[in-house]
*Asks:* 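Here it is: the structure, laid out below.
Lettering follows sequence order; numbering is per chain, from 1. Note that the coordinates shown come from a computational prediction; the quantities given were computed from them, not determined experimentally.
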2 protein chains.
Amino acid sequence: MESDRDFNVFVQGCPSREIMQRLGDKWTPLVLLALAGGPQRFSALRQRIGSVTPKVLTSTLRTLERDGLLLRTVTAQVPVRVDYELSDLGRSLLGPMETIRLWSQEHVPSVLRAREEFDRTRDDATL
Amino acid sequence: MESDRDFNVFVQGCPSREIMQRLGDKWTPLVLLALAGGPQRFSALRQRIGSVTPKVLTSTLRTLERDGLLLRTVTAQVPVRVDYELSDLGRSLLGPMETIRLWSQEHVPSVLRAREEFDRTRDDATL
DNA sequence: GTAGCCAGTATCTAAAAGATACCATTGAGC
DNA sequence: GCTCAATGGTATCTTTTAGATACTGGCTAC
């Protein structure tokens, strides 16, 4: 049990803090979820995720690869083929990520309602 | 059940996508977790989270308030007292956030090992 | 030949985060 | 009565990150 006792996201400089902030990166959840169904090639990922630029997708993938969450396999063919797939470590995040995804999809109406309310009362306050 | 069928984080322009990306904001998980134990004042939050600048903390809190995840209460006293606390909606995220937090704390060694391995094989490739 | 696919990289600009200083109010200490 | 600190921030400036866009080279299908 090397866990709560050793690492704490509220301790500055603790690696777990940086790791959590990376999981909460703008594109990380989408990339992990996009790979849930199995290996994907770069351009397929790009298309599936949509609106992500190649530069940012590349750097997101590199970071996740470096952290051991996914594997990059290059097949020498014409043209070269590169596949990305989740590692065991990456797969262990699928559950939590799916939960976050479902929460986001289920609570859209609540959030939108809250925003309208907030903006409405703020407009009133513009006196 | 207004959920999977209506909203999808992989659809561009879908509000759920933006909401998920916001949950995966750099400071959002820490703020929500810091409020798990009950209301906190601005400066207490700032101290608990650490290394967050007041500007960024303010904007994070404002966004979460606007989205209905937390409540901001101003008490007119000297000096003015401002309390932040989770709303019901915000509390419904505590479970998932705690899961992500535990994952981050538990997998520090695996991630660090993966990084060393990656950097080592990359140094070798610098030929 | 030329148009396009593949997996990116290079360059430039815009947006976000971070560092730092500062504000008004007040009460406490000297 | 004057300095000091605490409150919850805002203003300004710099650095970092993300985004838009164009381009590469090797090939194949037209």
*Asks:* Between C:dA7 atom C1' and A:Y84 atom OH, what is the distance in whole Å?
*Replies:*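 Distance check: A:Y84 OH to C:dA7 C1' gives 8 Å.
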*Asks:* Could you check B:M20, B:R17, B:Q21, B:R22 and say which one makes a side chain to side chain contact (heavy atoms under 4.5 Å, CB included) with A:S104?
*Replies:*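 The side chain to side chain contact (heavy atoms under 4.5 Å, CB included) with A:S104 is passed solely by B:M20 among B:M20, B:R17, B:Q21, B:R22.
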*Asks:* Categorize A:D83 for me: base, sugar-phosphate, or nothing, with a 4.0 angstrom heavy-atom threshold over every strand shown.
*Replies:*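 Since no nucleic acid heavy atom lies under 4.0 Å of A:D83, the category is nothing.
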*Asks:* For A:L86, is there any backbone N or O sitting under 3.5 Å from a side-chain donor or acceptor partner on A:R91?
*Replies:*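 Checked: pair present.
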*Asks:* Quick one: which of C:dC6, C:dA17, C:dT25 gets closest to the side chain of B:P79?
*Replies:*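 When the side chain of B:P79 is considered, C:dT25 is the closest of C:dC6, C:dA17, C:dT25.
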*Asks:* If you pin A:R72 and B:V52 to their nearest nucleotides in DNA chain C, which one's is more 5'?
*Replies:*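 On the 5' side of the pair lies A:R72.
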*Asks:* Could you state the atom-to-atom distance from CD1 of A:I49 to P of D:dA18 in whole Å?
*Replies:*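 After rounding, the gap between these two atoms is 14 Å.
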*Asks:* Rounding to a whole Å, what distance do you find between B:R46:CZ and D:dG8:P?
*Replies:*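 Answer to the nearest Å: 10 Å.
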*Asks:* Using whole Å, what does the distance between atom P of nucleotide C:dC5 and atom CG of A:L45 come to?
*Replies:*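 The distance from CG of A:L45 to P of C:dC5 comes to 18 Å, rounded to the nearest Å.
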*Asks:* Provide the closest heavy-atom pair for B:P96 versus A:T99 in the form atom of the first, atom of the second, distance.
*Replies:*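 That would be CG-CG2, 3.8 Å.
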*Asks:* Classify the side-chain pair B:Q105/B:R101 by whether it contains a donor and acceptor separated by less than 3.5 Å.
*Replies:*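 Yes, a side-chain donor-acceptor pair sits under 3.5 Å.
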*Asks:* Can any side-chain N or O of B:S87 pair as donor or acceptor with the backbone N or O of B:L69 at less than 3.5 Å?
*Replies:*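 Yes; at least one donor-acceptor contact below 3.5 Å.
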*Asks:* Rounding to an integer number of Å, can you tell me how far B:L30 CG sits from C:dA17 P?
*Replies:*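 Rounding to the nearest Å, CG of B:L30 and P of C:dA17 are 14 Å apart.
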*Asks:* Let me know, please, whether A:K26 or B:R81 comes out on the 5' side of the other along DNA chain D by nearest nucleotide.
*Replies:*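 By nearest-heavy-atom nucleotide position, the 5'-most residue is B:R81.
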*Asks:* Using a cut-off of strictly less than 4.0 Å, decide whether B:T53 has a side-chain nitrogen or oxygen near OP1 or OP2 of C:dA19.
*Replies:*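 Result: no.
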*Asks:* Is the shortest side-chain N to carboxylate O distance from A:E117 to A:R120 below 4.0 Å?
*Replies:*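 Counted as a salt bridge, because a side-chain N and a carboxylate O are separated by less than 4.0 Å.
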*Asks:* Starting from C1' on D:dG19, measure out to CD on B:Q21 and report it in whole angstrom.
*Replies:*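 My rounded result for the distance is 13 Å.
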*Asks:* List in numerical order all residues of residues 56-69 of chain A for which some heavy atom is under 4.0 Å away from an atom belonging to DNA chain C.
*Replies:*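 Residues of residues 56-69 of chain A that come under 4.0 Å of DNA chain C are, in numerical order, A:T58, A:R62.
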*Asks:* Are OP1 or OP2 of D:dG19 and a side-chain N or O of A:W27 less than 4.0 angstrom apart?
*Replies:*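 Yes, within the criterion.
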*Asks:* Let me know, please, whether B:K55 or B:R41 comes out on the 5' side of the other along DNA chain D by nearest nucleotide.
*Replies:*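 Its nearest nucleotide lies further toward 5', so the answer is B:R41.
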*Asks:* With a cut-off of under 6.0 Å to the ring centre and 45° to the axis, is B:R48 in cation-pi contact with A:F10?
*Replies:*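 Pair B:R48/A:F10 counts as cation-pi.
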